[in-house]
There are 2 protein chains.
Amino acid sequence: MNLSNTARYAIRVISYMAYNKKELYTASELVEALQISDKYLKRILTTLSQHHIIRSIQGRHGGFAITGRPEDITIYDIVAAIEVIDKYYGCVLGFEVCSDEHPCALHKKWAPIRDELVQFLNNNTIADVMTTEFNKF
Amino acid sequence: MNLSNTARYAIRVISYMAYNKKELYTASELVEALQISDKYLKRILTTLSQHHIIRSIQGRHGGFAITGRPEDITIYDIVAAIEVIDKYYGCVLGFEVCSDEHPCALHKKWAPIRDELVQFLNNNTIADVMTTEFNKF
DNA sequence: TTTAAATAATACATATAAGTAGTATTTAAA
DNA sequence: TTTAAATACTACTTATATGTATTATTTAAA
């Protein structure tokens, strides 16, 4: 499937934040813990807060906090915040229009797999990912 | 899933060649028919012939010909010729090692979908794709 | 044996994703 | 009100996929 690297990093951060149960994390703290490039992670954090998956507190005692409960944050939410989610709905063969009404040659076989894929993103949440194993990354 | 553009072009060319049942096609002829950039298509053709999906005849009366029967050329074959096929087997979360023995948090749920995906590529052939509809592209 | 018509190879250009650096802004303590 | 500690923004760099241009090689007809 190939989630983008950026999306994977995003999942890792949120997972880490949820797992360690602190209210507020500074960017530096997360950089330290997750070993992701400073500026890159900060940009990801800003993007995530713009999409209300986390909220940011600016200023001296600022940082980032998860907004919802881990079991309410889906992988889909995070991927949609980072990537253009449309591409997960597109035609395998690259046709502009490809639907049940105007199917490409593989549409009928592909559609169910694509649906499973989207369901996978929707059915799995940070609660499913935030294991010790994952945060050992 | 996102096959690369290049892979999609490759599928289109092979499909076109199979559908029109000519023995030999020149690159220019295929460029004309499929409206893909001249040099780009030629490079794709060379790659495909290096992977023995088509064979090339150099020189004055040269061109390209499909080597096998359409029903024997899988989408997987073509994608594997064009892309690094490994990425279709990788971990959703991006772990270096992720297997039944050392699974990531989502491995158990992801593995079956990934397998279906690979099966999809393997079970569908040019014979399945070479419809009029497709070649109207 | 020259030449035209084809493929092959190499190098260059452009677009996008990934990653980095520097500057601006915000906030509250000193 | 200055300053330190934080996030936000903008611009730059690097890597990879996509696409283009040029030159070399191959082949067979003239």
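Being a predicted model, the structure only gives us computed values, none of them experimental. Residue numbering restarts at 1 for every chain, and letters A, B, ... go by the order of the sequence lines.
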message = If I take atom CG from residue B:N122 and atom CG from residue B:L117, how far apart are they, to the nearest 0.5 angstrom?
response =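 These two atoms lie 11.0 Å from each other.
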Minimal non-hydrogen separation, [X] against [Y], with atom names:
{"X": "A:T47", "Y": "A:A81", "result": "CG2-O, 3.6 Å"}
{"X": "A:S4", "Y": "A:I82", "result": "OG-CG2, 4.3 Å"}
{"X": "B:I126", "Y": "B:A18", "result": "CG2-CB, 3.7 Å"}

[atom1] of [X] versus [atom2] of [N]: gap in Å, rounded?
{"X": "A:R43", "N": "D:dA11", "atom1": "CZ", "atom2": "C1'", "result": "10 Å"}
{"X": "B:K42", "N": "D:dT23", "atom1": "NZ", "atom2": "P", "result": "15 Å"}
{"X": "B:L3", "N": "D:dA17", "atom1": "CG", "atom2": "C1'", "result": "14 Å"}
{"X": "A:K39", "N": "D:dA8", "atom1": "NZ", "atom2": "P", "result": "14 Å"}
{"X": "A:I57", "N": "C:dT25", "atom1": "CD1", "atom2": "C1'", "result": "16 Å"}
{"X": "B:N2", "N": "C:dA17", "atom1": "CG", "atom2": "P", "result": "11 Å"}
{"X": "B:L41", "N": "D:dA21", "atom1": "CG", "atom2": "P", "result": "15 Å"}
{"X": "B:I82", "N": "D:dT16", "atom1": "CD1", "atom2": "C1'", "result": "16 Å"}

remark   = Note: for A:S4 and B:G59 on DNA chain C, the residue whose nearest nucleotide lies more 5' is B:G59
inquiry  = If you assign B:T46 and A:V84 each to the DNA chain C nucleotide with the nearest heavy atom, which residue ends up on the more 5' nucleotide?
reply    =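 Upstream on the strand: B:T46.
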With both distances under 3.5 Å as the test, what is the Watson-Crick or G-U wobble partner of [N]?
{"N": "D:dC9", "answer": "C:dG22"}
{"N": "C:dT10", "answer": "D:dA21"}
{"N": "D:dA29", "answer": "C:dT2"}

key: Nucleotide nearest A:T26 when distance is taken to its side chain, options D:dA8, D:dG19, D:dA6   =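 So the side chain of A:T26 is nearest to D:dA6.
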Among C:dT7, C:dT20, D:dT20, the one nearest A:Y40 by side-chain distance = C:dT20
Under-4.0 Å side-chain N/O to phosphate OP1/OP2 contact, A:S56 with D:dA6 =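 No, A:S56 has no side-chain N/O under 4.0 Å of OP1/OP2 on D:dA6.
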query = Does a side-chain N or O from A:S37 land closer than 4.0 Å to OP1 or OP2 of C:dT20, or not?
reply =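 It does, given that an N or O in the side chain of A:S37 lies less than 4.0 Å from OP1 or OP2 of C:dT20.
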task = Kindly indicate, with the supporting measurements, whether the criterion side chain to side chain contact (heavy atoms under 4.5 Å, CB included) is fulfilled by B:L41 and B:Y9.
result = CA-CA 8 Å; B:L41 218 206; B:Y9 283 156; 5.8 Å; no
Classify the nucleic acid contact of [X] as base, sugar-phosphate or nothing, counting any heavy atom under 4.0 Å across all strands shown.
{"X": "B:L45", "value": "nothing"}
{"X": "B:Q50", "value": "sugar-phosphate"}
{"X": "B:S28", "value": "nothing"}

ask   = Starting at the 5' end of DNA chain D, which residue's closest nucleotide do you reach first, A:R60 or B:D38?
value =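 It is A:R60 whose nearest nucleotide is closer to the 5' end.
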remark   = When A:Q58 and B:N5 are each assigned the nearest nucleotide of DNA chain D, the 5'-most assignment goes to A:Q58
key: Short N-O contact, A:R8 and A:E83, less than 4.0 angstrom   = no
